[in-house]
Amino acid sequence: MGQTVIIKAGGGASGRAEELLGGLNEPQRAAVTHGEGPLLILAGAGSGKTRVLTHRLAYLVFSGQAAPDQILAITFTNKAAREMRERAEALLQRSVQGLWIATFHSVCARMLRAHAELLGYTPSFTIYDQADSRRVVKRVLESLDVDTKRFAPALLQSRISQAKNELLSAGEVERSRGGFEELLAETYSRYERELQSANALDFDDLLRLTVRLFERHPEVRSRYALHFRHILIDEYQDTNLAQYRIVRLLADRTAAVRADAREELSAEEEKPPGARNLAVVGDDAQSIYGFRGADVRNILDFEADFPEARVIRLEQNYRSTQHILDAANALIANNSAALPKRLWSELGAGEPVRISELEDEHAEARYVVGEIERQLEGGRALSEIAVFYRTNAMSRVLEEALVRNQIPYRLIGAARFYERAEIKDALAYLSLLVNPRDSVAFLRAVATPRRGVGASSLARLQAYAAEQGLSLCELAASAESVPGVSRGAARGLRELAALLDSLRARIASGIEVAELIAATLRESGMIAALQAEDSPEAQGRIENLEQLVALAAELAGEPAAEPLSLERFLEQTALAGAAEEAQAADGPDGAVTLTTLHNAKGSEYPVVFIIGCEEGMIPHSRAIEEGGLEEERRLFYVGLTRAMRLLHLTRALRRYSFGASSYTMASRFLDELPAEQVLAESLVQEGWQGASRRALRPAAGGLQRSAGRRPAGAGTVGCGLQVAVGDDVLHDLFGEGVVTALDGPGAVVVRFASDGSERTLLTEYANLRRL
DNA sequence: TCAGTGACGTTTTTT
DNA sequence: ACGTCACTGA
């Protein structure tokens, strides 16, 4: 944005400082240079909040207020962490070693590895993702003889996760009596034991056990609290209780000093007591992770938590044109906001927000693809265009249309690379190499490829292992001594044990990670089994596995303090989130981005499409049931505010779900957008209309309902304007036209004089005036 | 033990 | 429509 003056290398410090602050306005500068004490940056969408945090990071290093490794910067995703590091280094014009820039989960994993023994784990613990822990929950439920039809593992798992995020132990859950609670408590406590004996932590444990580490071992907490001179946290509105506690424990340096009197106070002495150099950035209007335990009160109560906090508000938006912002502002005004903000921009009005109504999801996809092609013809790059949707499943129809039209795209999230069966199988072998107690990994590895070890043998093996207090891995080596295991199964088990031993020997002799993975794939027989399948799917899996090897080689090539260890590789794969992966290869000019609204947070694109703007999709029906309407609205708000120049919302009259096509109603959020900023058109095709209009009644009813809700007095006659065929009308964008037909309730066909085009417009949205 | 078959539930969202 | 899961026969 701003021009920066490059001072010649080794030039004056003041020049570089100016550069670090270049392009920032006054409030942003203040946030960047804020010295001691807590700082809350309340920043609206597109206000450059992450940029401010990044500049602050660079500024702290530059001004020597902290050594690089004394700064802890917490981002929401690993991708954001990488970007922050790159940008900070670009600002400083040098690479910086030792900076702690990572997600909460990564930071916690790092600290827990350093002190695992204090909590009864070994540093080689495995990190279980959701699927892994669901398997364990399922095993536990089976051992409890619970009907998994009535109580699904997923339900119990999510409740355990909730409890963990609220820092409740199994015992504490139990205190609330009742049938389900009792089951929950029992499952929780057994699940916990299972994980502990597997030397495994789930995602929630990473946070919860860090809290425990700090609370039970004040000397450890002191060490880190004193070590980190400055803490920066992005997306603070999405922190949960456990994360909040970690922040408090790290930020309270005074208590840390008291707790650890042995520590030298050197620099501490100069600081006022209670100084907490904590800078958090967030926007309560973008809090969209409540389902995961995020508590927006953390940001709302910041000033109460840190009474000496300075608060800086950033409301100017540098991203979007005013029409887009007006639409977003109007939408979010329907929420009971605790910290109302009104975004404004100097970028001009721009184009109106467009809403298009299509027949079904296929027509919607075709239409979006057509519009994308128009944008490309107009000079937009593929990488400047994004399509958002509420659920991952919605990407498929769109992908098909993009493939048909040979438009390259990258799919963020969805069937994530690391969650694919073959990748998880390969990782299971690797995990067993460092953590032989990992039971989930053992059960995976032993089953792929088939080794003649079936369910019954495994059940006996597990029972015996539990009885003897041995790990499955240990037992596998002497499988014939396990009662009830057949000779064939025993041979298979010994084979696996021997393979693992042989691979471990190579680790000991210092093999490269990539090479080790390749050897594992080869010698386990995984590749051979897939080759034998001889199907296109199997070929794809082989390619994925090859990618895994390539990934390890790539990671090993990155500059790092130490060579890539298998442990670090596994940790990265466990914590590497959705955001990384590109499904289809990017073309030479980049690719269109496809992502869920959740994954869209933190991004921006000149052209944004949001598809499926229907009741039940956004807001999602499950969310409505659970009373999460305001969070859904914030989610939609996040989507709207990603758009820089063109925002295009679409919806389908019919949509396929649960194996049947059914009629939809327009999202209530569309009704909440101001008519003045919106250009709506129905693109339901001729010949379809007779049928669709009749069937459309629910949707039409929805439109009328909203038309009634918004009285026609608010400076517009747009909604519900009564027109007849032959009337001359004026449209904000298309100018003068004549009504050529009435098209069902609320829709008119208008032929415009300017370009001769004939368009179907919804009177509710199109701000038509009679001439 | 395992491949093949049919019934069934599935869809929020993610570190 | 699709993947998962339980059941069945070899």
Side-chain angles (χ1 to χ4, degrees), chain A residues 74-81 102-109 127-131 133-134 138 148-149 152-154 158 161 164-165 201-208 235 238-240 242-243 287-294 361 388-397 400 412-416 418-419 421 447 449-459 485-489 491-492 533 537 571-572 574-580 595-602 612 616-626 628 631-632 634-636 638-639 655-661:
Chain A
I74 294 180
T75 57
F76 193 71
T77 63
N78 288 299
K79 181 167 170 257
T103 60
F104 266 110
H105 287 83
S106 301
V107 169
C108 290
I127 297 170
Y128 278 1
D129 69 9
Q130 204 177 17
S133 64
R134 180 137 67 228
K138 194 174 168 223
T148 51
K149 289 250 159 47
S158 108
S161 170
K164 285 187 172 187
N165 280 324
L201 309 189
D202 64 22
F203 276 27
D204 306 314
D205 285 337
L206 290 174
L207 306 175
R208 187 178 66 118
E235 308 285 11
D238 285 320
T239 50
N240 64 25
Q243 290 165 329
S287 153
I288 54 173
Y289 282 96
F291 68 91
R292 188 170 100 179
E361 70 270 32
F388 303 152
Y389 36 80
R390 176 65 230 269
T391 65
N392 281 307
M394 293 171 73
S395 70
R396 272 202 48 187
V397 178
E400 284 164 15
I412 306 206
R416 267 161 270 164
Y418 296 120
E419 284 173 19
R450 299 252 157 233
R451 290 194 172 78
V453 185
S456 54
S457 298
L458 282 178
V485 171
S486 70
R487 187 122 50 95
R491 204 181 57 217
E533 253 186 65
E537 292 84 15
E571 179 166 313
Q572 295 223 356
L575 296 178
E580 327 285 313
T595 183
T596 60
L597 286 163
H598 279 89
N599 262 325
K601 192 171 76 165
M617 296 300 319
I618 176 79
H620 197 275
S621 45
R622 292 286 284 270
I624 300 172
E625 282 166 32
E626 288 159 28
E631 181 154 312
E632 293 290 296
R634 290 192 292 268
L635 184 59
F636 199 57
V638 166
R655 186 173 295 277
Y656 229 80
S657 65
F658 291 103
S661 182

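Nothing here was measured: the structure is a model prediction, and the numbers come from that model.
Comparing atom distances between the A:Ala489 side chain and each of B:dA3, B:dT1, B:dT14 picks out B:dT1 as nearest. Looking at the side chain of A:Arg396, the nearest of the listed nucleotides C:dC5, C:dC2, B:dT13 is C:dC2.
With rounding to whole Å, A:Ile412 atom CD1 is found 15 Å from B:dT13 atom P. For A:Arg134 and C:dG3, the CZ to C1' distance is 14 Å, given to the nearest whole Å. Across the protein-nucleic acid pair, A:Arg450 atom CZ and B:dA3 atom C1' stand 9 Å apart, rounded to whole Å. Taking atom CG of residue A:Asn78 and atom C1' of nucleotide B:dT15, one finds them 8 Å apart after rounding to whole Å. A:Tyr389 has its OH atom 14 Å from the C1' atom of B:dT11, to the nearest Å. In this structure, the CD atom of A:Gln243 is 12 Å from the P atom of B:dT15, given to the nearest Å. For the pair A:Asp238 CG and B:dT15 P, the interatomic distance rounds to 12 Å; values are reported in whole Å. Atom P of nucleotide B:dT11 and atom CD of A:Glu361 are separated by 18 Å, given to the nearest angstrom.
Across all strands, A:Ser457 comes closer than 4.0 Å only to sugar-phosphate atoms, never to a base (heavy-atom distances). Across all strands, A:Tyr289 comes closer than 4.0 Å only to sugar-phosphate atoms, never to a base (heavy-atom distances). Nucleic acid contact for A:Glu235: none, since no nucleic acid atom lies under 4.0 Å from a heavy atom of the residue. Looking at heavy-atom distances under 4.0 Å, A:Gln130 makes contact with a base. At the heavy-atom level, A:Arg655 lies nowhere under 4.0 Å from the strands shown.
You can call A:Phe291 stacked on the base of B:dT13; the centres are under 5.5 Å apart and the planes sit within 30°.
Taking the six-membered ring for Trp and the full ring otherwise, the centers of A:Phe291 and A:His598 sit less than 6.0 Å from each other.
Using a 4.0 Å cut-off, some side-chain N or O of A:Asn392 falls inside it from OP1 or OP2 of B:dT14. Taking only side-chain nitrogens and oxygens, A:Thr596 comes nearer than 4.0 Å to OP1 or OP2 of B:dT14. Of the side-chain N and O atoms in A:Arg390, none sit less than 4.0 angstrom from OP1 or OP2 of B:dT11. Between A:Asn599 and B:dT13, a side-chain N or O to OP1/OP2 separation shorter than 4.0 Å is absent.
Taking the C1' atoms as reference points, B:dT13 lies 22 Å from C:dT4, given to the whole Å.
A donor-acceptor contact closer than 3.5 angstrom is absent between the side chains of A:Asn392 and A:Thr596. Looking only at atom types and distance, the side chain of A:Ser106 has a donor-acceptor partner in the side chain of A:Thr103 under 3.5 Å away.
Each of A:Glu632 and A:Val453 has a nearest nucleotide on DNA chain B; the 5'-most of these lies closest to A:Val453. Where A:Phe203 and A:Arg451 each meet DNA chain B at their nearest nucleotide, the meeting point lying more 5' is that of A:Arg451.
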Check the pair A:Arg134, A:Tyr128 against side-chain contact (heavy atoms from CB on, under 4.5 Å), reporting the backbone distance first and the verdict last.
CA-CA 9 Å; A:Arg134 180 137 67 228; A:Tyr128 278 1; over 6 Å; no
For side-chain contact (heavy atoms from CB on, under 4.5 Å), just list the numbers for A:Arg491 and A:Arg451, CA-CA rounded to whole Å, side-chain angles, deciding distance to a tenth of an Å, and then say yes or no.
CA-CA 8 Å; A:Arg491 204 181 57 217; A:Arg451 290 194 172 78; over 6 Å; no
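By the 6.0 Å contact criterion, CZ on A:Arg292 is enclosed, its count of non-hydrogen atoms from other residues, nucleotides or ligands being greater than 12.
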